[in-house]
**Student:** 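I'd like to ask you about the structure that follows.
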Amino acid sequence: MRLRGYFTPIVQYARTLRAISPVAQQRFEGSTMFTDTSLGQQLSSQCRRSIPWQRATPLIFSQHQCSAFHHHSVARDLAGKRQELAHSIHTCRCLNQEMGTVEGTTQGRILKGKEYTCIQAELLEGGAIGLITLDRPKALNALSEALMKEVLDALQTYDADPQVGAIVITGKDKAFAAGADIKEMKDKRFVDAYASRFVFHWNSISAIRKPIIAAVNGYALGGGCELAMLCDIVLAGEKAMFGQPELNLGTIPGIGGTQRLIREVGKSRAMEMILTGKHFMDAEEAAQKGLVSRVVPGSNDALLAEAISVGKQIAQQSKPVVALAKECVNAAYEIGLQEGIKKEQSLFYATFALEDQKEGMQAFIEKRKPDFKHK
Ligand code: CO8
């Protein structure tokens, strides 16, 4: 691949940083541009030593890190064509794929050394956003058991990370996800599905406390549509296409589609989509009906950037208050109005036990930005 030529110097560079100066490595990983010329020269000469990239500690390059590299004179020295170095999220993913590593695993912070094969997981915005990219593009991101286990693992890891304020899930190329993996499940018998509690673990997604934003472009069919509906906010790209085609396969939606779709788009439209298995919903209609919050025009990268921007706005809020609000809104799905209002009230009262409530209201009065401590 065209980009391969860049990896050896990049990885060697990172490796060298690690070897000769933990401080320099920290500055690199923190996206700080290097201005110290003598350090730059020292690094340059170190980097010219040949270190097989397979042996190099795999490093993860976030958007900022690539940008830092993009501007960095040592990088220019090493890579030659600096203008071609990626500084988009999309290209960073290509970098990681090409390196044969999985984002998020190597800093030991997100996934504690665990490597994923069906998804990419990456911390962005200084750790405030956990990104999950479904990564089986050849199968249109069909939701195999392995993929869903990894999604859950990444979600739970981000949920437990105190730095993370919001999680973004997205797809790749022309699919968010084209449903459960038909090839994998076609031979299952009733007893297999029942005894193994097939898809039961998907319910754990509802237990994630951090807000999950789905950035959906391309197909979101069957389990893909259900996965989007399990998220808290759904942003659609122009090419998003939602549908529940399970009946075409002789089965029915199995992870909440019959329950959630009716709440999103009304009984008649939900019935039409589910019972015909054919009447898909495009992005515009999905926005009109409230299945998604809005359509983001432009490329997949524009959609992802917008989802990250929404995540950042959420991440700036008090984390416990965000979690309480999410719990309340989700309660509207699960319980009746009166019960929901009772729950909302008790959680509303609970916010008055938080320092962040005191700070938020005091900051308003003092006409300044609140400084939330997430307590
Ligand atoms: N499972 C497995 N493989 C898939 C799936 C899928 N859901 N969708 C696409 N693929 C594969 C195709 O088999 C093909 O593979 P190959 O190249 O090896 O033949 C590749 O992806 C590309 O697909 P197409 O050639 O079909 O691409 P097209 O652009 O022609 O068509 C469509 C795109 C319209 C999306 C088409 O692929 C399609 O109809 N896919 C199936 C959609 C579907 O029926 N989804 C519902 C699945 S059932 C379900 O989700 C139940 C959920 C409840 C249980 C959850 C359990 C986890």
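The structure presented is a predicted model; accordingly, all values stated were derived computationally and were not measured. We count ligands from 1, going down the list as the structure has it; atoms in each ligand are counted the same way.
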**Student:** For ligand 1, is K138 a contact, meaning one of its heavy atoms is under 4.0 Å away?
**Tutor:** yes

**Student:** Taking non-hydrogen atoms only, is D181 closer than 4.0 angstrom to ligand 1 via side chain, backbone, both or neither?
**Tutor:** both

**Student:** To the nearest 0.5 angstrom, please state how far the NZ atom of K138 sits from the CG atom of D173.
**Tutor:** 10.5 Å

**Student:** Going through the checks in order, is the side-chain hydrogen bond (donor to acceptor under 3.5 Å, both in side chains) test met by D153 and Y116?
**Tutor:** CA-CA 10 Å; D153 189 83; Y116 293 139; 2.5 Å; yes

**Student:** If you measure from the Lys or Arg side-chain nitrogens to the Asp or Glu carboxylate oxygens, is any gap between E306 and R294 under 4.0 Å?
**Tutor:** yes

**Student:** Which option out of S144, G254, A175 puts a heavy atom nearest to atom 53 (C) of ligand 1?
**Tutor:** G254

**Student:** For atom 24 (P) of ligand 1, what is the closest protein heavy atom, and at what distance to 0.1 Å?
**Tutor:** L140 CD1, 4.4 Å

**Student:** For the ring pair F198 and Y194, is the centre-to-centre distance below 6.0 Å?
**Tutor:** no

**Student:** Among L147, L221, I182, whose heavy atom sits nearest atom 41 (C) of ligand 1?
**Tutor:** I182

**Student:** Might you check, step by step, whether the distance between atom 13 (O) of ligand 1 and some protein heavy atom is under 4.0 Å?
**Tutor:** yes

**Student:** Is at least one protein non-hydrogen atom found at under 4.0 angstrom from atom 20 (C) of ligand 1?
**Tutor:** yes

**Student:** One residue to check: T251. Relative to ligand 1, which of side chain, backbone, both or neither has a non-hydrogen atom less than 4.0 Å away?
**Tutor:** neither

**Student:** Specify whether the nearest protein heavy atom to atom 50 (O) of ligand 1 is under 4.0 angstrom away.
**Tutor:** yes

**Student:** Would you mind telling me which of I212, V168, I169 makes a side-chain contact (heavy atoms from CB on, under 4.5 Å) with I132?
**Tutor:** I169

**Student:** Do any nitrogen or oxygen atoms of K183 lie less than 3.5 angstrom from nitrogen or oxygen atoms of ligand 1?
**Tutor:** yes

**Student:** Which atoms of ligand 1 have any heavy atom of A142 under 4.0 Å away?
**Tutor:** 1 (N), 2 (C), 6 (C)

**Student:** Taking it one step at a time, do E355 and K373 satisfy salt bridge (Lys or Arg N to Asp or Glu O under 4.0 Å)?
**Tutor:** CA-CA 8 Å; E355 287 174 23; K373 299 282 189 258; over 6 Å; no

**Student:** Would you say the side-chain atoms of S204 and Q156 include a donor-acceptor pair closer than 3.5 Å?
**Tutor:** no

**Student:** Can you tell me how far apart CG (L152) and NE2 (H201) are? Round to the nearest 0.5 Å.
**Tutor:** 6.0 Å

**Student:** Check each atom of ligand 1 against the heavy atoms of G223 and keep those under 4.0 Å away; list them by number with element.
**Tutor:** 49 (C), 50 (O), 52 (C)

**Student:** For ligand 1, note which part of A180 has a heavy atom under 4.0 Å away: side chain, backbone, both or neither.
**Tutor:** both

**Student:** Okay, side chain of K210, backbone of V164: is any donor-acceptor separation there less than 3.5 Å?
**Tutor:** yes

**Student:** Using salt bridge (Lys or Arg N to Asp or Glu O under 4.0 Å), reason through D159 and R209 one step at a time and then give a plain yes or no.
**Tutor:** CA-CA 7 Å; D159 208 26; R209 284 186 152 175; over 6 Å; no

**Student:** Does A128 offer a backbone N or O that forms a donor-acceptor pair with the side chain of Q163 under 3.5 Å?
**Tutor:** no

**Student:** Walk me through whether D356 and K319 qualify under salt bridge (Lys or Arg N to Asp or Glu O under 4.0 Å).
**Tutor:** CA-CA 9 Å; D356 285 342; K319 289 185 177 70; over 6 Å; no

**Student:** At a non-hydrogen distance cut-off of under 4.0 Å, which region of M185 contacts ligand 1 (side chain, backbone, both, or neither)?
**Tutor:** side chain

**Student:** Can you pull out the closest protein heavy atom to atom 10 (N) of ligand 1? Residue, atom name and distance to 0.1 Å, please.
**Tutor:** A139 O, 3.7 Å

**Student:** Output yes when the distance from some N or O of ligand 1 to some N or O of A178 is under 3.5 Å, and no in every other case.
**Tutor:** yes

**Student:** Tell me the protein heavy atom at minimum distance from atom 47 (C) of ligand 1, and give that distance in Å.
**Tutor:** L249 CD1, 3.6 Å

**Student:** Look up atom 17 (O) of ligand 1 and tell me if a protein heavy atom lies less than 4.0 Å from it?
**Tutor:** no

**Student:** What part of E145 sits under 4.0 Å from ligand 1 if we count only heavy atoms: the side chain, the backbone, both or neither?
**Tutor:** neither

**Student:** Looking only at heavy atoms, is any part of E226 under 4.0 Å from ligand 1, and if so is it the side chain, the backbone, or both, or is it neither?
**Tutor:** side chain

**Student:** Working note: E285 + K289, criterion salt bridge (Lys or Arg N to Asp or Glu O under 4.0 Å); need CA distance, chi angles, decisive distance, verdict.
**Tutor:** CA-CA 6 Å; E285 188 191 349; K289 294 272 193 310; 3.1 Å; yes

**Student:** Below 4.0 angstrom from a heavy atom of W202, which ligand 1 atoms are there? Numbered from 1 as shown, please.
**Tutor:** 57 (C)

**Student:** Give a yes/no verdict on whether any heavy atom in K174 is under 4.0 Å from an atom of ligand 1.
**Tutor:** yes

**Student:** For atom 56 (C) of ligand 1, what is the nearest protein heavy atom, given as residue, atom name and distance?
**Tutor:** V199 CG1, 2.8 Å

**Student:** Flag atom 37 (O) of ligand 1 as yes if some protein heavy-atom distance to it falls below 4.0 Å, otherwise no.
**Tutor:** yes

